[in-house]
Amino acid sequence: MSNSPAEFTIQRPVFERSGAVRWVVSHATQHWGIIIMLLIGAFGNAALAAVVPLLVGDAFNAMLKPVADTSVLLPLALLIGGTQILRGVLQLGRNFGAELLGQRLEREIRDEMYISLLGKSMTFHSLQPVGDTMARATNDVREVNLMFSPGINLVIGSFFFIIMPILAAPRYHPALLVTPVAFAIVYFLALVRYLKTLEPISDEVRASFGEMNSHLSESLDGVETVKGAAQENAEVEKFIVNAARVRDAFIRQGDTEARFIAFLLYGIAIAAGLTHALILFRMGLLNTGQVIGYFGLLRMLDFPTFTSTWAYTQVSMGLSSARRILELMNRENNLDQNTAGDAGAMRGEIEFRNVGFGYPDGSTVLENVSFRVKPGRTVAIVGQTGAGKTSLVKLVNRTYDVSNGKILVDGVDVRDWNLAALRSQISMIEQDIFLFSRSISDNIAFGRPGATRAQVEAAAQAAQAHEFIETFDQGYDTVIGERGVTLSGGQRQRLALARAFLTDPRVLILDDSTSAIDSATEDKIQRAISAAAQGRTTLLITHRLSQIRWADLIIVIRKGKVAAMGNHEELMKTSEAYARIFRE
Ligand code: UTP
Ligand code: MG
């Protein structure tokens, strides 16, 4: 048996998953050091930006004295130069901190999501489109990164730029607080409204993108079928419709952004502030340098105004993405690993007791199935297409769980087994064999990553695969194309058998319903399968009469029920349904 732990047993710190904002915050607060650097950088940058208009105002006053005092000019200029260099350093700290935070979170969230996805049950995966999952795992995770850099980086930066005029204006006259305070209040009120309007639009942007992606990945996955049916145009049409939905959502987002009143607000603030300062000047409460300094302070508001149109969109998009990632991770997970369950070595006795089963979204597939296999025996499962053969064997390793009755392995209910122990001792070769885009030897050694080349070759020999592997230029190092497309059905099947030889499971399940191959290959596969069945309990779904014949037990499934059961001789006498298979 393989000793490699199942991926889903990996434990990671659990982040707060009750809401998108809380979740993002619980990730971010893992990095207090960076957050403090970001805050210091942002505050310092804004404070030193405010120094410029203040010093310029002072310079004007020095020049406007009855006898112009030019001696202050050089020190002032040097001071401005020095502070701005320092400001550059602080700005770097702020940007660097935000970028670092964004990248770290992106990596952490990706890890968290990957672990969560591998831990999900098959029920989850068979209902969730791969393209949509991919969109969430790539683009949405990226959006969360962008939410921090530039998003939150600029939001924090803007916040301090709004605060600075409020802190500095009373230096000239307390009444000058009116304009920056009024700006801040209206700005925040408008912002809250803006974000509320934006939220459903951002959700729509992310969702339509996910849908476009899942459709695209499906038609690329099935491109052979699409071309075979000459449906390229129809698929393109569907894609165009989806792409148009994404475009419309983005346009609606742009439209909302364009309506945000920040620029109007900024214009009004500049005009009102200047008028106010001039009135105070007329009243003799301010001098020229102070008016100029104050005007410079108000000009600082253009940074929050300018960034507001897109920085908040970025945050809104990031939150939409965080919601989508969370939704996927939080979606009900029926998989019960049962780590405390039975983890002993398996003998390989299998018993079905009144098993009933239906897919979560469908009608009953299996009813009242009962049989028992002693360790080491071979069972052939036969029946028409759609009878429920594949569904039946998938219940043994808990790919799906029974709806009624129970399945016992070595007398223990499969649900009472430790899931990793159960699955690592049962090898399943599926109807459509999946190969990874890795080398042949990696594919064979998949269930047992530490295997040596000699062990891999021995397994390939036993599976009758060695010969054809040797015909490739790179032999065992040949990389198989995406989804194993460069191999024939018969070759794939033998690779899968080699995989099973290497993991040496107690129970082998072989779903071999659909393979029509030439007789030479047929013969090889035949031999490989009988070798694989030696010394282990084997459930064999097959149409090959020779294989059915030598099985210890044959189960005929008809419409989800056991129609007949016994060995070849018995069934030929007693079962009309069975005899019919051989007559055809
Ligand atoms: P099976 O896939 O168990 O049939 O589906 P089978 O006997 O192995 O058929 P072949 O020989 O490979 O073609 C049994 C029933 O379960 C439904 C199918 O529609 C079928 O009626 N089914 C199968 C689902 O509802 N969901 C699934 O994910 C798979
Ligand atoms: Mg099947």
Discussion item. Counting only heavy atoms not in Arg193 (residues, nucleotides, ligands), do more than 12 fall under 6.0 Å from its CZ?
Written reply: no

Item to complete: Please confirm whether the backbone N or O of Leu176 pairs with a side-chain atom of Tyr294, one donor and one acceptor, at under 3.5 Å?
Response: yes

Worksheet item: Roughly how far, to the nearest 0.5 Å, is CD of Glu16 from CG of Leu326?
Response: 9.5 Å

Worksheet item: Using a distance-only test with no angle check, is there a side-chain donor-acceptor pair under 3.5 angstrom linking Gln30 and Arg104?
Response: no

Worksheet item: Has the side chain of Asn61 got a donor or acceptor atom that lies under 3.5 Å from a matching backbone atom of Gly289?
Response: yes

Fill in: Leu117 vs Leu328 side-chain heavy atoms within contact, under 4.5 Å
yes

Worksheet item: Roughly how far, to the nearest 0.5 Å, is the NE2 atom of His31 from the CG atom of Leu100?
Response: 8.5 Å

Practice prompt. Using a 4.5 Å cut-off on heavy atoms from C-beta on, say whether the side chain of Arg245 contacts that of Glu204.
Written response: yes

Worksheet item: Just by modelled atom types, is the Arg324 backbone N or O under 3.5 Å from a matching donor or acceptor in the Arg136 side chain?
Response: yes

Worksheet item: Would you call Arg252 and Asp255 a salt bridge, using N to O less than 4.0 angstrom?
Response: no

Item to complete: Please step through salt bridge (charged side-chain N to carboxylate O under 4.0 Å, His left out) for the pair Asp140 and Arg323, ending with a clear verdict.
Response: CA-CA 9 Å; Asp140 283 314; Arg323 272 194 292 277; over 6 Å; no

Fill in: Donor-acceptor under 3.5 Å (Ser219 side chain, His215 main chain)
yes

Worksheet item: Taking atom CZ of Arg22 as the centre, does the number of heavy atoms from other residues, nucleotides or ligands within less than 6.0 Å exceed 12?
Response: no

Fill in: Validation row, ring centre Tyr194 to ring centre Tyr312 under 6.0 Å
no

Discussion item. Using only atom types and a distance under 3.5 Å, with no angle test, would you say the side chain of Asn45 pairs donor to acceptor with the backbone of Gly157?
Written reply: no

Item to complete: Starting at CG of Leu64, measure out to CD1 of Ile292 and round the result to the nearest 0.5 Å.
Response: 7.0 Å

Worksheet, complete the sentence: Between His276 and Ala175 the two heavy atoms that sit nearest each other are CE1-O, 3.0 Å

Worksheet, complete the sentence: The salt bridge (charged side-chain N to carboxylate O under 4.0 Å, His left out) partner of Arg206 among Glu199, Glu143, Glu327, Glu211 is Glu143

Discussion item. Using every non-hydrogen atom in the two residues, find where Ala135 and Gly210 come nearest and quote the distance to one decimal.
Written reply: CB-CA, 3.8 Å

Fill in: CZ on Arg110 to OG1 on Thr138, rounded to 0.5 Å
7.5 Å

Discussion item. Donor-acceptor check, side chain of Asp203 to backbone of Ser320, threshold 3.5 angstrom: yes or no?
Written reply: no

Discussion item. Any side-chain to backbone donor/acceptor pair from Gln91 onto Gly44? Under 3.5 Å, distance only.
Written reply: no

Worksheet item: What are the two closest non-hydrogen atoms of Met37 and Gly97, and how far apart are they?
Response: CE-CA, 3.6 Å

Response to the item:
OG of Ser158 to CD1 of Ile152, rounded to nearest 0.5 Å, is 12.0 Å

Worksheet item: Which heavy atom in Ala49 sits nearest to a heavy atom in Arg87, and how many Å separate them?
Response: CB-CZ, 3.6 Å

Worksheet item: So, Tyr266 versus Phe306, ring centres under 6.0 angstrom or not?
Response: no

Discussion item. Donor-acceptor pair, distance only, cut-off 3.5 Å: does the side chain of Ser116 make one with the backbone of Glu112?
Written reply: no

Worksheet item: Just checking, is any N or O donor in the side chain of Thr197 or Thr256 under 3.5 Å from an acceptor N or O on the other one?
Response: no

Practice prompt. For the pair His173 (side chain) and Ala277 (backbone), establish whether a donor and an acceptor sit closer than 3.5 Å, ignoring hydrogens and angles.
Written response: no

Discussion item. Tell me if a side-chain donor or acceptor on Asn418 pairs with a main-chain N or O of Ala340 at a distance below 3.5 Å.
Written reply: no

Worksheet entry | Shortest non-hydrogen contact between Phe160 and Ala46, atoms and distance | CB-CB, 3.5 Å

Practice prompt. Show your working on side-chain contact (heavy atoms from CB on, under 4.5 Å) between Leu216 and Asn242 and close with a plain yes or no.
Written response: CA-CA 9 Å; Leu216 179 66; Asn242 285 337; over 6 Å; no

Worksheet entry | Approximate separation, where rounding is to 0.5 Å, of Ile115 CD1 and Lys120 NZ | 12.5 Å

Item to complete: Walk me through it: do Gln128 and Asp132 pass the test side-chain hydrogen bond (donor to acceptor under 3.5 Å, both in side chains)?
Response: CA-CA 8 Å; Gln128 167 66 17; Asp132 184 61; 3.0 Å; yes

